[in-house]
Amino acid sequence: MLRSLPSAFRHSLLCLCAAGLCLTGQTASAGELAALSIIDLNSGNNLPIWRHQGRNYCAGQAGQRYALRITNKTGQRLLAVVAVDGVNVINGETAHPRQAGYVLDAWQQTSIEGWRKSMSEVAAFYFTNPADSYAGRTGRAHQSGVIGVALYREMTPPPVLFKPPPAISAEAGRLAERDGPYSETPAKDASAQGSMSAESAKRAAPAAAPTEKLGTGHGERINSESSYTDFKRASRHPAETLTVYYDSYANLQARGIIPRHRPNSPNHPSPFPGGFTPDPN
């Protein structure tokens, strides 16, 4: 199951029960902790990831629906704060690593298909022009064309050391047997304490907030069940960040990110350009 957090150390939202040029052939932006893939929901295939000058790029088409697939490569839970076009996909705020995110269980793989609208629905991701993108329609079109995942490890609680109770003298034992059990907290105080705890928990529980270069649109509603969980980050800063930039295929070619195929190009000579050996002139 996938869970999310609205702040660094509070309750979180559990989701989805969340220099050289080369084509590497990879279909994911892979780090040490997790991998990020972009899935074409029309075909179900992973979109290729292109590497250029140390960055990852993906080509999309206007109108194409897609999902983000995140794979936890570790044996412990991870928090993934996910941003599309500089916008947090859970609460719609301008993205920051310390915001709400999805919690992945050990070795878990799951897909995020849209902007979270409630505990049970998301609005579908689709490639579109920046003006129609969710970022563009909320006055943030300048950040269109980038997907980011900030990953946090979970804080491990320290081991609990067992301390044996002190020895009780025979006299103290006889007194305890005579007087019966003793409680320092009257029943009415315990009841009041319980009420305060419930109110505190209610206040602490966050509410789900609604939240030509390509951007990501705010599409139709898709069912996506969610609930709450706890997660405490092991550090203030992400342990790892995965980033993929996206644009149309033609634009990526024009920028030199995706190479144009030019047989026998002076920059890319063929080792076997001919057939049999001809006579020299």
Side-chain angles (χ1 to χ4, degrees), residues 1-16 18 29-36 55-56 68-74 76-106 108 110-119 122-123 125 133-135 138-158 200-211 215-216 218 224 226-246:
M1 290 184 7
L2 212 69
R3 306 169 178 89
S4 67
L5 274 143
S7 67
F9 303 107
R10 299 176 62 184
H11 292 274
S12 25
L13 178 66
L14 158 61
C15 236
L16 298 179
S29 172
E32 293 184 7
L33 302 182
L36 169 64
R55 292 184 173 185
N56 299 311
L68 305 178
R69 178 173 294 162
I70 305 174
T71 304
N72 184 352
K73 299 165 61 178
T74 76
Q76 57 185 214
R77 297 202 311 170
L78 293 176
L79 168 64
V81 181
V82 183
V84 173
D85 296 346
V87 179
N88 186 295
V89 301
I90 291 176
N91 56 29
E93 297 177 1
T94 297
H96 189 281
R98 301 278 292 171
Q99 294 172 339
Y102 291 95
V103 177
L104 285 77
D105 289 331
Q108 182 187 1
T110 192
S111 296
I112 301 169
E113 297 186 28
W115 310 96
R116 182 146 294 281
K117 303 302 295 181
S118 70
M119 298 297 288
V122 296
F125 291 145
S133 70
Y134 180 73
T138 56
R140 296 169 286 185
H142 61 288
Q143 294 290 355
S144 295
V146 62
I147 296 165
V149 179
L151 298 162
Y152 289 85
R153 297 182 187 272
E154 186 170 19
M155 180 176 288
T156 304
S200 298
K202 191 181 297 183
R203 288 195 299 270
T211 82
T216 294
H218 181 278
S224 174
S226 58
S227 61
Y228 292 100
T229 190
D230 291 319
F231 187 100
K232 195 167 185 177
R233 308 179 198 216
S235 61
R236 291 181 57 84
H237 302 288
E240 184 173 83
T241 301
L242 306 177
T243 305
V244 176
Y245 299 89
Y246 67 90

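Heavy-atom basis, side chains included; hydrogens, waters and symmetry copies ignored. Because the structure is predicted, anything quoted here is derived from the model rather than measured.
The two atoms that bring L151 and A34 nearest to each other are CD1-CB, 3.6 Å, heavy atoms only. What you find for A100 and V81 is that their closest heavy atoms are O-CG1, 3.4 Å. Closest approach of S133 and S144 over heavy atoms only: OG-OG, 3.6 Å. Counting all heavy atoms, side chain and backbone alike, A30 lies closest to K73 at CB-NZ, 4.2 Å. Nearest heavy atom pair, residue Y134 against residue T138, reads O-OG1, 2.8 Å.
With sequence neighbours excluded, no residue forms a side chain to side chain donor-acceptor pair (under 3.5 Å) with E240. Residues satisfying the side chain to side chain donor-acceptor pair (under 3.5 Å) test with T241, not counting sequence neighbours, are none.
The CG atom of D85 sits 10.5 Å away from atom NE2 of H142, with the distance rounded to the nearest 0.5 Å. Summarising the geometry, atom CD belonging to Q108 is positioned 9.5 Å from atom OG1 belonging to T71; distances are rounded to the nearest 0.5 Å. Put simply, OH on Y246 and CD1 on I147 are 6.0 Å apart, with the number rounded to the nearest 0.5 Å. The line from CZ of R153 to CG of L78 is 7.0 Å long, rounded to the nearest 0.5 Å. Put simply, CG on L242 and CG on L68 are 11.0 Å apart, with the number rounded to the nearest 0.5 Å. Interatomic distance, CD1 of I70 versus CD1 of I112, reported as 4.0 Å (0.5 Å rounding).
Using the six-membered ring where Trp is involved, F125 and W115 have ring planes that are perpendicular, over 60° apart on the 30 and 60° scheme.
Panel note: side chain Y152, backbone P97; a donor-acceptor pair is recorded below 3.5 Å. Without hydrogens or angle criteria, N91 side chain to E93 main chain gives a donor-acceptor distance under 3.5 Å. Of the possible polar contacts, one joining the Q99 side chain to the T94 backbone as a donor-acceptor pair under 3.5 Å is found.
E154 pairs with exactly one of K232, Q76, R233, R77 by the side-chain hydrogen bond (donor to acceptor under 3.5 Å, both in side chains) rule, that one being R77.
Counting heavy atoms from C-beta on, the side chains of N72 and D105 never come closer than 4.5 Å.
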